[in-house]
Amino acid sequence: MQKNIDVNKVVGLMLEGTVLDKFTFHTGFELTFSRISNEDNVLPIIIKLNIETKWWFGEFDEWNQKVKNCTEKLNIVEPDEPVLAFELAVLRWSEESMVEKVSIEKDYTTLTFSCGKSITLQNYDEIGCAWELIECYPNNSWSVICENGEFEITSPYADMNYSKEWIEFINKKKEFEKASFYYNNNVDENKKKNDLKNALYDMELLNQLSVIRLMGEGYIFPDSIELVLEDVVKMAITGHEECAGWAGVALNHLNMKKWKKKITELIIFYTECNRNDSSVFHYSWLLLYKLGFKNALKEYIEKYKEYMVGELDENDLLEIDNMVER
């Protein structure tokens, strides 16, 4: 049992965004809720709400009048139960049965649905447990039991005090990682090459930066980066400052035994093509340094020493001498 936990937050995480999937009735009502599933879900996918206490739809007085109107001529021991079943059936078959909001107060818990309807449960019962909310899939690690206005909570995220927005963010990130894995491993090489080239030369700087960051952060895999190696090297030494930095990070993911010579040749090639741009010399030696190409860096400094005036001081040169060749 976890104490000092915000029960509104835990029940909200469990139910908000789910839809009413089915219901059954025995000694009490059992409502089953579900959300769209994927293998990386952090939140429960299937949740059951077992209700043993008194509960109703909408406002209490209006509900009592509705039950009376529907059952006053019938000899029914519990007249509200068939009306509850009817309302649940209507809600279940509507297209707006998603739980939008959960509100837990001292005596009552209210679930509001996207259609505007709401159900209210008492937080106490004469016999014992008023209601319980239990995760059925995938892990059975979430539960909230309400008895006499007290809550017993079990949740992997309750004691971490995460917000609903953070949990949703983590879910989105995992969905993106899954999409990244699929793209890198299942899309035809020619399509990937075309996609990446188009993205690298997008007229919008933020779009360029976005794809370069995806490479640097590992969402575009090394074998995909290899398809546009020449373009990434060019971006690293002739692109915008932020793009150049991330391009260097992306290149660091490659197998240097395979690509070291080619990358060095490309750096020299793009340097020769852009001699009039002084920044090219700065980004070129910096890229060689970050990649750990000690010998190539020293040769570059010697080859273009007339363009390197003011770029390196004695401490920089000493540090280069002490580098370990990658």
Side-chain angles (χ1 to χ4, degrees), residues 176-177 179-185 187-275 277-304 307-308 311-312 316-317 319-326:
F176 176 74
E177 289 170 349
S180 166
F181 184 84
Y182 178 86
Y183 182 83
N184 283 278
N185 289 297
V187 175
D188 176 82
E189 283 192 358
N190 289 329
K191 287 183 178 179
K192 280 196 290 187
K193 185 173 182 178
N194 183 67
D195 289 340
L196 295 175
K197 274 185 172 290
N198 286 339
L200 286 169
Y201 293 105
D202 195 296
M203 296 300 292
E204 292 290 332
L205 175 60
L206 288 178
N207 292 338
Q208 287 185 11
L209 180 58
S210 177
V211 69
I212 287 292
R213 286 192 63 173
L214 288 175
M215 292 179 177
E217 292 174 349
Y219 293 111
I220 296 176
F221 296 174
D223 57 347
S224 297
I225 298 173
E226 290 172 2
L227 299 174
V228 287
L229 177 65
E230 294 183 8
D231 306 283
V232 176
V233 174
K234 182 179 180 180
M235 187 72 68
I237 64 176
T238 66
H240 184 273
E241 182 177 359
E242 290 189 49
C243 291
W246 278 108
V249 176
L251 291 170
N252 254 307
H253 294 314
L254 302 184
N255 180 342
M256 291 308 167
K257 288 184 179 180
K258 179 180 179 181
W259 294 107
K260 183 177 181 179
K261 180 179 179 181
K262 180 65 174 178
I263 292 173
T264 302
E265 290 173 350
L266 287 169
I267 291 172
I268 298 298
F269 173 77
Y270 287 120
T271 297
E272 290 294 327
C273 292
N274 296 275
R275 278 176 174 262
D277 185 354
S278 61
S279 65
V280 167
F281 300 97
H282 172 76
Y283 289 127
S284 293
W285 80 257
L286 197 58
L287 177 60
L288 289 166
Y289 175 80
K290 289 180 177 179
L291 294 175
F293 295 177
K294 176 181 178 179
N295 295 330
L297 174 56
K298 296 185 75 171
E299 291 174 4
Y300 186 92
I301 293 171
E302 179 62 27
K303 181 178 179 69
Y304 298 107
Y307 300 95
M308 301 291 291
E311 279 287 338
L312 301 161
D316 294 325
L317 294 172
E319 188 173 343
I320 291 170
D321 284 334
N322 292 329
M323 282 176 59
V324 176
E325 179 72 30
R326 185 175 180 179

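All values derive from a computational prediction rather than experimental measurement.
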Close side-chain approach of Trp259 to Leu291, heavy-atom, < 4.5 Å: no

For Lys260, does the NZ atom sit with more than 12 other heavy atoms under 6.0 Å from it, leaving out its own atoms? yes

Closest heavy-atom pair, Ile301 versus Ile320, reported as atoms and distance to 0.1 Å, is CD1-CD1, 3.7 Å

To check you understand the geometry: which heavy-atom pair defines the closest contact between Met235 and Ile212, and what is its length? CG-CD1, 4.0 Å

Would you indicate whether the side-chain heavy atoms of Phe281 and Glu311 approach each other to under 4.5 Å? no

Hey, could you give me the CE/CD1 distance between Met256 and Ile263, rounded to the nearest 0.5 Å? 4.0 Å

Is the distance between the ring centroids of Phe176 and Tyr219 under 6.0 Å? yes

OG (Ser224) and NE2 (His253) are apart, to the nearest 0.5 Å, by 12.5 Å

Would you indicate whether the side-chain heavy atoms of Leu251 and Leu229 approach each other to under 4.5 Å? yes

What verdict does the side chain to side chain donor-acceptor pair (under 3.5 Å) test give for Asp316 and Tyr289, after you've listed the backbone C-alpha separation in whole Å, the side-chain angles of each residue and the deciding distance to 0.1 Å? CA-CA 10 Å; Asp316 294 325; Tyr289 175 80; over 6 Å; no

Taking everything shown except Glu265 itself, do over 12 heavy atoms lie less than 6.0 Å from its CD? yes

Less than 4.5 Å apart, any side-chain heavy atom of Leu209 and any of Trp246? yes

Mark yes when over 12 heavy atoms from residues, nucleotides or ligands other than Glu217 sit less than 6.0 Å from its CD; otherwise mark no. yes

Decide yes or no on side chain to side chain contact (heavy atoms under 4.5 Å, CB included) for Met323 and Leu297, but give the supporting numbers first. CA-CA 10 Å; Met323 282 176 59; Leu297 174 56; 4.1 Å; yes

At their closest point, which heavy atom of Ala236 faces which heavy atom of Gly248, and how far apart are they? CB-N, 4.3 Å

Does a sphere of radius 6.0 Å around CD in Glu325 hold more than 12 heavy atoms from other residues, nucleotides or ligands, not counting ones at 6.0 Å or beyond? yes

With rounding to the nearest 0.5 Å, note down the distance linking CG in Asp321 to NZ in Lys298. 4.0 Å

For the CE atom of Met308 and the OG atom of Ser278, what is their distance to the nearest 0.5 Å? 11.5 Å

Using a 4.5 Å cut-off on heavy atoms from C-beta on, say whether the side chain of Lys234 contacts that of Phe269. no

For residues 200-207, dump all side-chain donor-acceptor pairs below 3.5 Å to protein atoms at least two apart in sequence or in another chain.
{"residue": "Tyr201", "atom": "OH", "partner": "Asp231", "partner atom": "OD1", "Å": "2.7"}
{"residue": "Asp202", "atom": "OD1", "partner": "Glu204", "partner atom": "N", "Å": "2.8"}
{"residue": "Asp202", "atom": "OD1", "partner": "Asn207", "partner atom": "ND2", "Å": "3.3"}
{"residue": "Asp202", "atom": "OD2", "partner": "Asn207", "partner atom": "ND2", "Å": "3.4"}

Please name the pair of heavy atoms, one in Thr264 and one in Ala296, separated by the smallest distance, quoted to 0.1 Å. CG2-CB, 3.8 Å

Hey, are the side chains of Lys262 and Leu254 touching, using non-hydrogen atoms and a 4.5 Å cut-off? no

Side chain to side chain donor-acceptor pair (under 3.5 Å) between Tyr307 and Thr271, worked out: CA-CA 11 Å; Tyr307 300 95; Thr271 297; over 6 Å; no

Assess whether atom CD of Glu189 is packed by more than 12 heavy atoms of other residues, nucleotides or ligands within 6.0 Å. no

Once rounded to the nearest 0.5 Å, what's the spacing between atom CD of Gln208 and atom SG of Cys243? 5.0 Å

Nearest 0.5 Å please: distance from the CG atom of Asp195 over to the CG atom of Asn190. 10.5 Å

Which residues pass the side chain to side chain contact (heavy atoms under 4.5 Å, CB included) test with Asn185, not counting sequence neighbours? Phe181, Phe221

Taking the side chain as every heavy atom from C-beta outward, state whether Val228 and Lys193 have any atom pair closer than 4.5 Å. yes

Sub-4.5 Å side-chain heavy-atom contact between Tyr304 and Glu272: yes

Would you name the heavy atoms of Ser284 and Tyr300 that are closest together and state the gap between them? CB-OH, 3.2 Å

